[in-house]
Q: 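Before I ask anything, here is the structure I am working with.
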Number of protein chains: 2
Amino acid sequence: MQKAAGATGSKGSSGGGRRQATKAKLYEAAVTLIAEQGFSATTVDEIAERAGVAKGTVYYNFASKAELFEELLRYGVGLLTESLQRAADDTERSGGTKVAALDAMIRAGLDFIATYPSFTQLYVAELWRTGRAWQSTLLVVRQQAVAVVEEVLREGVAAGELSDEIDIPLTAAALVGMVLVAALDWQAFQPERSIDDVHAALSRLLQGRVGGSRA
Amino acid sequence: MQKAAGATGSKGSSGGGRRQATKAKLYEAAVTLIAEQGFSATTVDEIAERAGVAKGTVYYNFASKAELFEELLRYGVGLLTESLQRAADDTERSGGTKVAALDAMIRAGLDFIATYPSFTQLYVAELWRTGRAWQSTLLVVRQQAVAVVEEVLREGVAAGELSDEIDIPLTAAALVGMVLVAALDWQAFQPERSIDDVHAALSRLLQGRVGGSRA
DNA sequence: GTTTTTGCACTGACCAGTCAGTTTAAAAAC
DNA sequence: GTTTTTAAACTGACTGGTCAGTGCAAAAAC
């Protein structure tokens with residue numbers, strides 16, 4: 001899952017990234033295992049072993065198993081949000097329409113999921129669970145991601161490009177869901193399809209070329 | 001979750017439904033707990049306690065914790081499929097279009113999720129996990145549900161109602177995902193919205209009244 | 001010389017699954 | 001219609017194993 005940027009740990013800035021490197025190895029190990037088995041079924045021993053570190057190191061770097069998981073969530077959604085935002089901004093810069101921006105975000109979402117399938121799966125599995133310790137973390141993190149989509153929708157309506165009858169929060173959720181589920185399904189059950197096929201199918205849905213009577 | 005019909009147990013028919021009643025209580029207890037906490041984090045003791053039976057009873061009725069879960073999955077998806085199929089058939093019978101049938105299925109999906117939110121959540125959380133014992137059960141069960149949507153899409157294309165450029169399997173997955181995620185999000189984060197609002201938002205997306213340039 | 005990592009033994013809680021025995025209710029015997 | 005028998009259904013204490021988290025001395029990295 002690459003290196004984490006920004007203020008992450010206690011020290012951080014000076015010296016070097018030995019701790020960061022260790023943390024990254026632990027994220028990488030944890031994300032796959034937890035996606036496959038779930039949080040509770042994944043043991044700290046397993047994570048340590050896959051990361052190639054001693055169990056004690058896990059506890060030197062994270063207060064608990066749950067905290068490792070929470071940091072992982074924050075880190076991963078940060079990457080996604082960044083990627084979506086960049087797609088929107090790039091389209092903007094090159095003078096594209098808002099619909100084009102949404103389309104670019106769909107593509108960025110698909111790319112992200114193709115790159116980090118485990119993370120996506122884990123996110124989906126945990127997002128709507130109630131009563132877990134990290135629920136509040138997830139709430140914040142979801143809001144962050146959905147907000148990017150909502151903003152583009154709002155701009156599209158303002159620009160007269162999208163119907164002003166649309167319900168922004170619900171439509172944003174539906175779009176995100178469409179991409180999320182289609183992508184996971186693609187990876188799990190139709191891996192022979194290309195990312196372009198998937199993108200084209202979603203694009204058609206977004207642009208109303210499915211049910212809008214056509215030849 | 002009501003009673004299960006059909007040939008379910010070893011004896012069954014004669015006498016009465018004492019076992020069935022017990023199983024139903026166990027399904028009911030398990031679905032909520034597992035949706036909230038996940039499979040591994042939910043203990044058999046908890047399930048038994050909530051169902052108001054002794055732990056041994058769980059093992060008298062099911063071979064293992066995993067099998068209880070698998071039966072629960074089969075049962076729940078059976079209900080969903082039935083409901084989707086009925087929505088499609090009803091529309092058919094009353095001479096509606098295929099798009100109307102899809103719309104009715106969206107409504108049926110939303111109704112189902114509103115009635116059994118825990119089950120839906122649990123299904124989504126487990127569907128794309130690899131390497132678990134019940135994976136094959138889930139595969140079958142998913143296919144069953146998605147097939148209903150695919151069939152209507154196919155008929156819509158044949159009738160010239162839908163563009164023949166659409167990719168049936170991918171579009172079906174995307175539609176299911178749209179409904180699933182929008183509904184879960186509605187329940188979790190925007191519960192103040194009415195089911196009609198949610199339905200309207202999804203309907204608009206299906207019928208291309210979002211991105212298809214409109215007034 | 002300070003920070004980080006290692007290796008490993010240990011603990012205490014927790015939990016899936018078992019089993020010998022009890023209850024329930026209906027059929028069989030009287 | 002009351003007693004006896006039977007079998008299914010249920011009970012809950014118990015077992016064997018697993019796992020999060022700890023403690024610590026010594027090594028490695030910086």
Side-chain angles (χ1 to χ4, degrees), chain A residues 3-4 7-30 33-34 36-72 131-134, chain B residues 3-4 7-31 33-34 36-72 126 131-134:
Chain A
K3 281 188 60 177
T8 321
S10 34
K11 277 286 176 61
S13 48
S14 76
R18 185 146 81 113
R19 273 189 88 162
Q20 289 312 320
T22 303
K23 281 193 167 195
K25 277 194 291 182
L26 286 169
Y27 285 156
E28 173 69 35
L33 289 167
I34 296 180
E36 274 171 11
Q37 311 178 324
F39 175 79
S40 306
T42 301
T43 69
V44 174
D45 289 279
E46 276 177 316
I47 296 173
E49 191 190 344
R50 177 169 300 199
V53 302
K55 187 180 186 177
T57 305
V58 175
Y59 285 94
Y60 182 78
N61 285 284
F62 300 97
S64 67
K65 183 186 172 188
E67 207 193 88
L68 159 57
F69 183 57
E70 273 193 68
E71 286 196 24
L72 172 60
R132 309 243 52 151
W134 50 76
Chain B
K3 278 189 60 176
T8 321
S10 36
K11 278 284 179 61
S13 49
S14 77
R18 186 147 162 239
R19 267 189 95 160
Q20 289 312 320
T22 306
K23 280 194 167 195
K25 277 194 291 182
L26 285 169
Y27 285 156
E28 175 68 37
V31 74
L33 288 166
I34 296 180
E36 275 171 10
Q37 310 179 324
F39 175 79
S40 305
T42 301
T43 70
V44 175
D45 288 278
E46 277 176 315
I47 296 173
E49 192 190 345
R50 177 170 301 199
V53 302
K55 187 180 191 175
T57 304
V58 176
Y59 286 93
Y60 181 77
N61 285 285
F62 300 95
S64 65
K65 182 187 172 188
E67 207 192 271
L68 160 58
F69 182 55
E70 276 193 66
E71 286 197 25
L72 174 59
E126 294 295 334
R132 310 227 39 95
W134 51 77

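Proteins get letters first, then strands, A, B, ... in listed order; numbering begins at 1 in each.
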Q: Give the rounded distance in Å between these two atoms: CD of Glu46(B) and P of dC14(C).
A: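 Distance check: Glu46(B) CD to dC14(C) P gives 11 Å.
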Q: Enter the distance from Arg19(B):CZ to Leu26(B):CG here, rounded to the nearest 0.5 Å.
A: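 Separation between the atoms: 11.0 Å.
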Q: Can you tell me how far P of dA16(C) sits from CG of Leu68(B), to the nearest Å?
A: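 Interatomic distance, CG of Leu68(B) to P of dA16(C): 11 Å.
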Q: Can you tell me if Tyr60(B) touches the phosphate of dA9(D), counting only side-chain N or O atoms and a distance under 4.0 Å to OP1 or OP2?
A: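 Checking dA9(D) against Tyr60(B), a side-chain N or O does come within under 4.0 Å of OP1 or OP2.
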Q: Output the rounded distance in Å from NZ (Lys25(A)) to C1' (dT4(C)).
A: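 Nearest whole value for this atom pair: 12 Å.
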Q: How long is the line joining CZ of Phe69(B) and C1' of dG17(C), in whole Å?
A: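 Whole-Å distance recorded here is 19 Å.
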Q: Distance check needed: dA9(D) C1' versus Lys23(B) NZ, whole Å only.
A: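 From Lys23(B) NZ to dA9(D) C1': 13 Å.
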Q: Kindly compute the distance separating OG1 (Thr42(B)) from CG (Leu68(B)), expressed to the nearest 0.5 Å.
A: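 Here the rounded value is 10.5 Å.
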Q: Partners of Glu126(B) by salt bridge (charged side-chain N to carboxylate O under 4.0 Å, His left out), sequence neighbours excluded?
A: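 Testing Glu126(B) for salt bridge (charged side-chain N to carboxylate O under 4.0 Å, His left out), a comparison that skips the adjacent residues, returns Arg129(B).
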Q: Whole angstroms only, please: what is the CD-C1' distance between Gln20(A) and dC30(D)?
A: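 One finds 16 Å between C1' of dC30(D) and CD of Gln20(A), rounded.
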Q: What's the CZ-P distance between Phe62(B) and dA16(C), to the nearest Å?
A: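 Distance, rounded to whole Å: 15 Å.
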Q: Could you pull out the closest heavy-atom pair between Arg132(B) and Ser40(B), with the gap in Å?
A: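 Closest approach of Arg132(B) to Ser40(B), heavy atoms only: NH2-OG, 4.4 Å.
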Q: Indicate yes or no for a side-chain donor-acceptor contact from Arg50(B) to the backbone of Ala30(B) under 3.5 Å, with no hydrogens or angles considered.
A: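 No.
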Q: Walk along nucleotides 16-23 of chain D from 5' to 3' and tag each nucleotide B, S or - by protein heavy-atom contact under 4.0 Å, base first, then sugar-phosphate.
A: ---SBBB-
Q: Tell me whether the rings of Phe39(A) and Trp134(A) are parallel (<30°), tilted (30 to 60°) or perpendicular (>60°).
A: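 Perpendicular.
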Q: So, the side chain of Glu67(A) versus the backbone of Ser64(A): is there a donor-acceptor pair under 3.5 Å, distance only?
A: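 Side chain of Glu67(A) to backbone of Ser64(A): no pair is present.
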Q: Between Arg19(B) and dA9(D), is there a contact of a side-chain N or O with OP1 or OP2 at under 4.0 Å?
A: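 Arg19(B) to dA9(D) OP1/OP2: side-chain N or O found under 4.0 Å.
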Q: Are OP1 or OP2 of dT4(C) and a side-chain N or O of Thr57(A) less than 4.0 angstrom apart?
A: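 The answer is no; no side-chain N or O of Thr57(A) sits under 4.0 Å from OP1 or OP2.
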Q: Under 4.0 Å between any heavy atoms, over every strand shown, what does Val53(B) touch: base, sugar-phosphate, or nothing? Just pick one.
A: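 If one applies the 4.0 Å heavy-atom cut-off, Val53(B) turns out to touch the sugar-phosphate alone, with no base involved.
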